[in-house]
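Notes follow once the structure below has been shown.
Lettering of chains follows the sequences in order, A, B, ..., and the numbering in each one begins at 1. Every value quoted in this text rests on a predicted model; they were computed, and no experiment measured them.
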There are 2 protein chains.
Amino acid sequence: MKSISAILDTHGLRDTQSRRLVLKVLMQSKKPLSQKDIHACLAKEDRVVNLVTVYRILEKFRDVGLIHHSAGGVVFCSLEQADGHHVLLSCEECGVIEEYCDEELCKHEDRIAKRAGFFPTSHVSELIGRCASCHF
Amino acid sequence: MKSISAILDTHGLRDTQSRRLVLKVLMQSKKPLSQKDIHACLAKEDRVVNLVTVYRILEKFRDVGLIHHSAGGVVFCSLEQADGHHVLLSCEECGVIEEYCDEELCKHEDRIAKRAGFFPTSHVSELIGRCASCHF
DNA sequence: AAGTAAATGCAAAAGTTTTGCATTCGTATG
DNA sequence: CATACGAATGCAAAACTTTTGCATTTACTT
Ligand SMILES: [Mn+2]
Ligand SMILES: [Mn+2]
Ligand SMILES: [Zn+2]
Ligand SMILES: [Zn+2]
């Protein structure tokens with residue numbers, strides 16, 4: 001497995017402490033995180049990275065294709081991994097968001113894109129509803 | 001086709017002028033709209049509905065299942081229609097967002113939900129990339 | 001027509017994201 | 001290794017978005 005620094009290097013990014021910290025959090029997270037999430041997560045372990053800097057780092061990561069941001073803005077983001085498709089299961093009750101990968105769905109979406117003359121660089125799906133534990 | 005007022009009634013909502021205006025805009029739009037979009041759209045035709053009110057109306061519409069809001073917050077929304085699946089094609093270059101319906105994708109996502117023990121009430125997919133006219 | 005609860009607008013508060021600028025840090029070069 | 005330069009960072013403030021409180025108006029019931 002590639003080191004954090006090597007990943008930054010591969011993507012043509014300077015190897016700074018803040019970037020290593022943010023990238024590490026993203027890589028270890030099992031679910032998408034917002035800028036605030038990342039900031040809070042680091043603060044909790046006394047590794048402070050200014051929130052403004054987190055915004056700027058994520059923008060950079062996105063520019064080079066290291067992460068993707070989701071629908072209607074830039075709130076959620078997660079590492080692209082192995083072309084797996086990103087499906088978010090978002091519970092309206094408790095707020096938990098889980099991430100799923102599904103290769104087949106991915107292919108289906110690519111067909112839709114082709115049909116529409118659209119050229120996707122990434123994609124995200126979200127199911128909104130109730131998670132197992134909140135389903136009364 | 002049902003009248004605007006009848007739709008409100010069906011969903012147990014009071015039939016107010018502001019709600020009729022907002023609902024009409026949503027129904028006539030071919031793409032998802034933000035609260036600000038709706039407000040601006042109405043303002044342009046001199047039918048002012050306070051932006052705060054637009055927020056509150058959309059929240060109500062959502063409560064009763066008239067619309068759904070998308071990923072990572074509440075920015076985009078569009079009318080649920082005939083169980084068609086909502087696929088957004090979002091151009092990173094020019095910002096245009098188009099909406100697509102795809103029944104098969106919808107079913108596939110339902111299977112994923114079942115597998116994960118998740119109970120979806122709505123869902124949205126987004127393809128991020130370049131639209132036909134921005135593809136250099 | 002009157003009464004009541006719900007919806008609206010306005011002003012302000014709270015929260016989020018972006019910007020400007022001075023300082024620090026990373027990398028290339030000699 | 002020292003230096004020089006551009007890139008990245010932190011802080012403060014501006015800009016923008018969303019929520020809240022409250023007085024007034026509106027829609028529906030009786
Ligand atoms: Mn995919
Ligand atoms: Mn669907
Ligand atoms: Zn839940
Ligand atoms: Zn475009």
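In this structure, NZ of Lys60(A) is placed 12 Å from C1' of dG6(D), rounded to the nearest angstrom. In this structure, Leu51(B) atom CG and dA12(C) atom P are separated by 17 Å, rounded to whole Å. Regarding Glu59(A), its CD atom lies at a distance of 14 Å from the C1' atom of dA7(D), rounded to whole Å. Residue Arg56(B) contributes atom CZ, which lies 12 Å from atom C1' of dA11(C) at whole-angstrom precision. dT17(D) atom C1' lies 15 Å from atom CG of Leu58(B), rounded to whole Å.
OP1 or OP2 of dA7(C) has at least one side-chain nitrogen or oxygen of Arg19(B) nearer than 4.0 Å. OP1 or OP2 of dC11(D) lies within a sub-4.0 Å distance of a side-chain N or O belonging to Asn50(A).
Counting heavy atoms from C-beta outward, Leu33(A) and Cys41(A) have side chains that stay 4.5 Å or more apart. Using a 4.5 Å heavy-atom threshold, the side chains of Ser18(B) and Leu21(B) count as separate. Glu109(A) is not listed as a side-chain neighbour of Pro120(A), based on a closest heavy-atom distance of 4.5 Å or more. The side-chain heavy atoms of Leu23(A) and Ile67(A), taken from C-beta on, include no pair separated by under 4.5 Å. The side-chain heavy atoms of Leu13(B) and Leu66(B), taken from C-beta on, include a pair separated by under 4.5 Å. Counting heavy atoms from C-beta on, the side chains of Lys60(A) and His11(A) never come closer than 4.5 Å.
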Are any protein N/O atoms closer than 3.5 Å to N/O atoms in nucleotides 14-16 of chain C? If there are, list each pair with its distance.
from, atom 1, to, atom 2, distance (Å)
dT16(C), OP1, Lys36(A), NZ, 3.2

Within the sub-3.5 Å range, which N or O atoms of nucleotides 27-30 of chain C have a protein N or O partner, and how far apart are they?
from, atom 1, to, atom 2, distance (Å)
dT27(C), OP1, Asp15(A), N, 3.2

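The two residues Ile4(A) and Lys24(A) make their nearest non-hydrogen contact at CD1-CA, 3.8 Å.
Side chain of Arg20(A) to main chain of Asp15(A): a donor-acceptor pair is present (N/O by atom type, distance under 3.5 Å, no hydrogens or angles). At distances below 3.5 Å, not a single donor-acceptor pair connects side-chain atoms of Ser29(B) with backbone N or O atoms of Val25(B).
Nearest nucleotide to the Val52(B) side chain, out of dT9(D), dT19(D), dT8(C): dT19(D).
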